[in-house]
S.K.: 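One structure is given below, represented as structure tokens, and several questions about it will come after.
Here the structure is a predicted model, which means the values were calculated and not measured. Just so you know, ligand 1 is whichever comes first in the structure, and atom 1 is the first atom listed for that ligand.
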Amino acid sequence: MERVHPVSKDDSRAWVAALATTLLGSPYDDDFPRRVDRWTREWIPERAWAYRDHGRLVATLATESRMLTVPGPGGSTRELESDALTGVTVAATHRRQGLLTTMIGDSLRAAKERGDAIAILIAAEWPIYGRYGYAPAAFGAEYTYHSKRPFAALPAAPPGSLRQVEGDELGKIAPAVFDAARVLRPGQVDRPHPWWDRRLALDGYEPIGKQPNWILHEGPDGPDGLLAWRVTRDFMLTGALGEVEVVEFVAATDDAYRDMWAYLGAIDVVGEVKLTDRPLDEPIRWLLGDARALQLTSTYDYLWLRLLDVPAALSARTYAVPGRVVLDVHDASPGGYATGRFALEAGGADATCTPTPDAADLAVSQRALAACYLGGTRLRHAAPLGVDELTPGALDRADVMFSTPLAPLNQTGF
Ligand SMILES: CC(C)(COP(=O)(O)OP(=O)(O)OC[C@H]1O[C@@H](n2cnc3c(N)ncnc32)[C@H](O)[C@@H]1OP(=O)(O)O)[C@@H](O)C(=O)NCCC(=O)NCCS
């Protein structure tokens, strides 16, 4: 078997074919050319790995540079460039021979050498990535909004604030609206060019699947909200109401957020609105006359995170309250990149994290720290991953410091 790295552009089509075959697709699918296009237009050989056997690629892995929103001062946020793992497959004929372990070890080493403080991914299955040091750090939620129940509706949006939009106009507006919205919550991952062209089938990208209706919200300062929905169940003349699914809900202001919910509640002949990739602390429930009209139907981990450089990662974000805590970090995963003792000192708008010989207040595993990094989980709750309080009170102090006003959320697959 031959390890292939870098993977040349000449091999990129075969690489996508291997990926498609293992992830429940096929190179003979109608959308295969689109998948090839998605990957190969921006191909970076040094960020792709593969294995070849008998002339055929049997394993794939790639990484991309993506900006991750992290907690900032006073409820604001900052951004941190991260190593985003994607395209991970090992053919069923070659599983459990250590191919993933070798490729991911290589890719994490490359990220560390590049200077990335954090690595991120979305896991197809929970048990795969813990052994490589990743931990779930942001959760998504699915809701059903029973919009026609008594007291479920919101006051109508002001006339003129919402309009349907499509094509090139949408392509010009969408990236800026999303960029303004994604810095409102830790956990968001950016959508670099040509993400929106692919999404909206512009610039020669082929459309895929049933296209949604796009609704734009405009406030006093211009476009500040985007909504996309499509019908999943028709209404009937018996009186049974239909169902729609929301495939994008991006709000950069409170007004856009409220008005888009009001719009969803007012779609005629629709009684159920399904939403995915929403936050666990969905604020709309506090505006509804009957919050039981909004049912949380499921939650799922939608961003895993691994710390590669503890001082860089911990000083890149800020903390809810000033404080000092010395962390003894143990990184049991391949590479052990995060191991060390570090003093985290948080002031108002800034934090420092530096190696220290001082006695530790907390002994934590890298994975426990990674799970809590975006503020979505408390160290106390991540204790099964390895958290020991060495100075009384240090765990409560750290939990308050790491907490964030909003639950982290990622709305972007990669
Ligand atoms: C997940 C996948 C990439 C693993 O590749 P692999 O080359 O078989 O992994 P390795 O041989 O390096 O396995 C390393 C260890 O992880 C374990 N492991 C790997 N995948 C696992 C899974 N899905 N569930 C539980 N354990 C898993 C292996 O048992 C092995 O453990 P061991 O060392 O104790 O024996 C492969 O099974 C696959 O392609 N699955 C389908 C596509 C997919 O889910 N991709 C991930 C997209 S995010």
S.K.: Using 4.0 Å as the upper bound for N to carboxylate O, is an ion pair formed by R182 and E79?
M.R.: yes
S.K.: Do R66 and S82 have a side chain donor and acceptor closer than 3.5 Å?
M.R.: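 No, because no side-chain N or O of R66 sits under 3.5 Å from a partner of the opposite role on S82.
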S.K.: Can you tell which part of H94 has a heavy atom less than 4.0 Å from ligand 1: side chain, backbone, both or neither?
M.R.: neither
S.K.: Would you say atom 35 (O) of ligand 1 touches the protein, meaning some protein heavy atom is under 4.0 Å from it?
M.R.: no
S.K.: Report, in ascending order of atom number, the atoms of ligand 1 lying under 4.0 Å from any heavy atom of Q97.
M.R.: 11 (O)
S.K.: Is the ring centre of Y300 less than 6.0 Å from the ring centre of F139?
M.R.: no
S.K.: Among all protein heavy atoms, pick the one closest to atom 20 (N) of ligand 1 and tell me residue, atom and distance.
M.R.: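 The answer is R96 NH1, 3.3 Å.
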S.K.: So for L121, does at least one of its heavy atoms come nearer than 4.0 angstrom to any atom of ligand 1?
M.R.: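 Judged by the 4.0 Å heavy-atom criterion, L121 does not count as contacting ligand 1.
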S.K.: With respect to R95, determine whether any N or O atom, backbone or side chain, lies less than 3.5 Å from an N or O atom of ligand 1.
M.R.: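 Among all N and O atoms of R95, at least one is under 3.5 Å from an N or O of ligand 1.
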S.K.: Considering the heavy atoms of Y129, write down every atom of ligand 1 situated less than 4.0 Å from one of them.
M.R.: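 In order of numbering, the contacting atoms are 46 (C), 47 (C), 48 (S).
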S.K.: Does ligand 1 have an atom under 4.0 Å from some heavy atom of Y132?
M.R.: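 Y132: in contact with ligand 1 (<4.0 Å).
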S.K.: Look at atom 12 (O) of ligand 1 and say which protein heavy atom is nearest, naming residue and atom and giving the distance to 0.1 Å.
M.R.: T101 OG1, 2.6 Å
S.K.: Without hydrogens or angle criteria, can the side chains of D106 and H5 be said to hold a donor-acceptor pair below 3.5 Å?
M.R.: no
S.K.: Heavy-atom contacts with A124 under 4.0 Å: which atoms of ligand 1 show up? List them by number with element.
M.R.: 44 (O), 46 (C), 47 (C), 48 (S)
S.K.: Between the side chains of D396 and R380, is the shortest nitrogen-to-carboxylate-oxygen separation below 4.0 Å, so that they form an ion pair?
M.R.: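 Salt bridge present between R380 and D396.
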S.K.: Decide whether a cation-pi geometry holds between R278 and F249; the criteria are a distance under 6.0 Å from NZ or CZ to the six-membered ring centre and an angle within 45° of the ring axis.
M.R.: yes
S.K.: Please state which part of E125 comes within less than 4.0 Å of ligand 1, counting heavy atoms only: side chain, backbone, both or neither.
M.R.: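 Just the side chain.
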S.K.: Among side-chain atoms of T412 and R191, is any donor-acceptor pair under 3.5 angstrom?
M.R.: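 T412 vs R191: donor-acceptor pair found between side chains.
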S.K.: Given that the side chain starts at C-beta and the backbone is N, CA, C, O, which of these parts of W126 lies under 4.0 Å from ligand 1, counting heavy atoms, or is it both or neither?
M.R.: neither
S.K.: Check whether any N or O atom of T89, backbone or side chain, sits under 3.5 Å from an N or O atom of ligand 1, and answer yes or no.
M.R.: no
S.K.: Taking atom types as modelled and ignoring hydrogens, do the side chains of T89 and T60 form a donor-acceptor contact shorter than 3.5 angstrom?
M.R.: yes
S.K.: What atoms of ligand 1 come closer than 4.0 angstrom to any heavy atom of I122?
M.R.: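 The list of qualifying atoms is 48 (S).
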S.K.: Could you find the nearest protein heavy atom to atom 39 (O) of ligand 1 and give me its residue, atom name and distance?
M.R.: V90 N, 2.8 Å
S.K.: Is a salt bridge present between R233 and E243, judged by a nitrogen-to-oxygen distance below 4.0 Å?
M.R.: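 Yes.
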S.K.: Flag V88 as yes when one of its N or O atoms lies below 3.5 Å from any N or O atom of ligand 1, and as no otherwise.
M.R.: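 Yes, since at least one N or O of V88 sits under 3.5 Å from an N or O of ligand 1.
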S.K.: Taking the six-membered ring for Trp and the full ring for Phe, Tyr or His, determine whether the centres of W43 and W15 are under 6.0 Å apart.
M.R.: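 Yes.
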S.K.: Tell me yes or no: between the side chains of W229 and Y263, is some donor less than 3.5 Å from an acceptor?
M.R.: yes
S.K.: Which of the atoms in ligand 1, numbered in the order shown and given with their element, are less than 4.0 Å from a heavy-atom of R131?
M.R.: 15 (C), 16 (O), 17 (C), 30 (C), 31 (O), 32 (P), 33 (O), 34 (O)
S.K.: Between L19, L85, L100, flag the one that comes closest to atom 7 (O) of ligand 1 by a heavy atom.
M.R.: L100
S.K.: Would you tell me whether E142 and S298 have side-chain atoms, one donor and one acceptor, within less than 3.5 Å of each other?
M.R.: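 Distance-only check passes for E142 and S298.
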S.K.: List every atom of ligand 1 that sits less than 4.0 Å from any heavy atom of P127, numbering the atoms from 1 in the order shown and giving each element.
M.R.: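 It comes down to these atoms of ligand 1: 24 (N), 25 (C).
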S.K.: Checking side chain to side chain contact (heavy atoms under 4.5 Å, CB included) for the pair Y373/L307: CA distance, chi angles, key distance, verdict?
M.R.: CA-CA 9 Å; Y373 179 74; L307 302 173; 4.3 Å; yes
S.K.: Would you say I128 and ligand 1 have an N/O pair spaced under 3.5 Å apart?
M.R.: no
S.K.: Looking only at protein heavy atoms, which one is nearest to atom 42 (C) of ligand 1, and how far off is it?
M.R.: L23 CD2, 3.6 Å
S.K.: Return the closest protein heavy atom for atom 11 (O) of ligand 1 as residue, atom name and distance.
M.R.: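 Answer, as residue, atom name and distance: G98 N, 2.8 Å.
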